[in-house]
Amino acid sequence: MALNSSSSLPSILSIFVLLLLVGGSAALGGRAGGWQPIKDVKAPEVQEIAKYAVAEHNSRAKTDLRYESVVRGETQVVAGTNYRLVIAARDGGVGKQYEAVVWVKPWQHFRNLTSFNLVQRA
Ligand SMILES: *[C@@H]1O[C@H](CO)[C@@H](O)[C@H](O)[C@H]1NC(C)=O
């Protein structure tokens, strides 16, 4: 048996495995950290999350904001999905914009408003 020629096979394989691991983790890392724009902010699930964000903020902050629309938004994959939405709402008749972050884990029927802040416009 040619032991000498077969001895190089494991090292070639290990280089391939290493390249796959490095490439794979870089691709995963890019997806996990990245925010992707939401193409259709009128989609029912986006509207639903935005309305939840306003209702939850009203309940926590004892405000009475009236939801109007989602201006734009992004999602991020993190053991579920983070939605970062710019929401138009009326605060006592005055139109304002807020940035809300909602974390959703659909398979657990879990969602939570992580942050809700007024967008400062110049
Ligand atoms: C929801 O998010 C708020 C703000 O980050 C946090 O204080 C609260 O503990 C969270 N609730 C749950 C159930 O994770």
Side-chain angles (χ1 to χ4, degrees):
M1 281 309 206
L3 287 173
N4 284 348
S5 65
S6 68
S7 67
S8 63
L9 190 58
S11 60
I12 289 171
L13 278 178
S14 65
I15 286 169
F16 269 110
V17 168
L18 195 67
L19 285 175
L20 280 175
L21 286 174
V22 169
S25 62
L28 278 176
R31 260 202 301 281
W35 290 91
Q36 300 296 321
I38 295 172
K39 291 193 183 80
D40 181 13
V41 294
K42 290 189 166 65
E45 70 270 20
V46 178
Q47 297 287 310
E48 165 69 16
I49 287 163
K51 286 173 190 169
Y52 158 77
V54 172
E56 183 67 19
H57 176 76
N58 278 338
S59 145
R60 288 186 197 170
K62 308 280 176 266
T63 51
D64 188 24
L65 304 181
R66 304 294 168 92
Y67 170 77
E68 286 193 314
S69 63
V70 176
V71 178
R72 61 181 174 274
E74 303 158 285
T75 57
Q76 179 191 41
V77 175
V78 276
T81 303
N82 266 327
Y83 287 77
R84 185 160 68 194
L85 306 176
V86 174
I87 296 172
R90 301 196 82 77
D91 181 9
V94 182
K96 294 182 180 173
Q97 289 190 359
Y98 300 86
E99 185 183 88
V101 178
V102 179
W103 185 30
V104 182
K105 287 189 283 183
W107 66 94
Q108 287 181 1
H109 300 286
F110 171 90
R111 66 184 174 187
N112 193 23
L113 179 65
T114 308
S115 69
F116 193 97
N117 295 300
L118 184 64
V119 175
Q120 303 294 342
R121 280 175 295 178

Pairwise salt bridge (Lys or Arg N to Asp or Glu O under 4.0 Å) hits with a residue in residues 96-108, at least two apart: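 Pairs touching residues 96-108 that pass the test: Asp91-Lys96.
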Listed once per pair and sorted, the salt bridge (Lys or Arg N to Asp or Glu O under 4.0 Å) pairs that draw on residues 35-56, sequence neighbours left out: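 Listed by first then second residue: Glu48-Arg111, Glu56-Arg60.
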For Thr114, all residues meeting side chain to side chain donor-acceptor pair (under 3.5 Å), sequence neighbours excluded: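 Residues passing side chain to side chain donor-acceptor pair (under 3.5 Å) with Thr114: none at all.
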For Arg90, all residues meeting side chain to side chain donor-acceptor pair (under 3.5 Å), sequence neighbours excluded: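 With sequence neighbours excluded, Arg90 shows a side chain to side chain donor-acceptor pair (under 3.5 Å) to Glu68, given in chain and number order.
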Counterpart residues, ring pair (Phe, Tyr, Trp, His ring centres under 6.0 Å), relative to Phe116 (two or more places apart):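 Residues passing ring pair (Phe, Tyr, Trp, His ring centres under 6.0 Å) with Phe116: His57, Tyr98.
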side-chain contact (heavy atoms from CB on, under 4.5 Å) assessment of Val41 paired with Val71: CA-CA 7 Å; Val41 294; Val71 178; over 6 Å; no
Salt bridge (charged side-chain N to carboxylate O under 4.0 Å, His left out) against Arg72, all qualifying residues, sequence neighbours excluded: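 Residues passing salt bridge (charged side-chain N to carboxylate O under 4.0 Å, His left out) with Arg72: none at all.
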hydrophobic_cluster_shared for [Y] and [X], side chain cutoff 4.5 Å:
X	Y	value
Phe110	Tyr83	no
Ile87	Val104	yes
Val86	Val54	no

Beyond-backbone contact of Tyr67 with Leu65, side-chain heavy atoms, under 4.5 angstrom: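 No, side chains not in contact.
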Sub-4.5 Å side-chain heavy-atom contact between Val102 and Leu85: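 Val102 vs Leu85: side chains apart.
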Straight-line distance of Thr81 OG1 to Ile49 CD1, nearest 0.5 Å: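 If we round to the nearest 0.5 Å, Thr81:OG1 and Ile49:CD1 are 8.0 Å apart.
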Closest approach of Leu118 to Gln97 (non-hydrogen atoms, all atoms of both residues):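 What the structure gives for the nearest pair is CD1-O, 3.5 Å.
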Ala53 to Leu113 - nearest heavy-atom pair and separation: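 Minimum heavy-atom separation between Ala53 and Leu113: O-CD2, 3.5 Å.
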